[in-house]
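Encoded as structure tokens, the structure appears first; notes follow it.
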Amino acid sequence: MSIKVSVIVCTYNRQKYIGECLNHLANQTSNSSEYEIVIINNNSPDNTEEICKSFIGRVSNFILEW
């Protein structure tokens, strides 16, 4: 299968919300090989980066960009 959808999540200082957002994206019923989640962290000084990194590797279709 090939990627059919790319979901781009841009974030800055959203430690309060980003975990819930990424959990919802990770728990989709679609086949994970058909979509990718690209997270773009705009150099957040809070814990946003650490939260985003916790999804990378654990969820195969998540990609983190800076």
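On a predicted model such as this, the values are computed, not experimentally measured, just so you know.
Counting heavy-atom neighbours within 6.0 Å of Q28 CD, excluding the residue itself, gives a total above 12. N27 CG: more than 12 foreign heavy atoms inside a 6.0 Å radius.
Side-chain contact between F62 and L22 is present, with at least one heavy-atom pair separated by less than 4.5 Å. In this structure the side chain of I18 reaches within 4.5 angstrom of the side chain of C52, judged on heavy atoms. The shortest distance between side-chain heavy atoms of S6 and Y35 does not fall below 4.5 Å.
Clustering ILVMFWY residues whenever any of their side-chain heavy atoms sit less than 4.5 angstrom apart, transitively, puts I63 in the very cluster that holds I40. F55 and Y17 end up in different hydrophobic clusters when Ile, Leu, Val, Met, Phe, Trp and Tyr side chains are linked at under 4.5 Å. Both L64 and V7 belong to a single network of hydrophobic side chains, linked directly or stepwise wherever heavy atoms of I, L, V, M, F, W or Y lie under 4.5 Å apart.
The nearest pair of heavy atoms linking V59 to A26 is CG2-CB, 4.0 Å.
The CD1 atom of I56 sits 4.5 Å away from the CD1 atom of I39 when rounded to the nearest 0.5 Å. Between the OG atom of S30 and the CG atom of L25 there is a distance of 11.0 Å, given to the nearest 0.5 Å. Note that the CG atom of N31 and the CD atom of E34 stand 5.0 Å from one another [nearest 0.5 Å]. Annotation: the span from I8 atom CD1 to E65 atom CD amounts to 9.0 Å, rounded to 0.5 Å.
Listed by first and then second residue, the side-chain hydrogen bond (donor to acceptor under 3.5 Å, both in side chains) pairs involving residues 48-63 are D46-T48, E49-K53 (not counting sequence neighbours).
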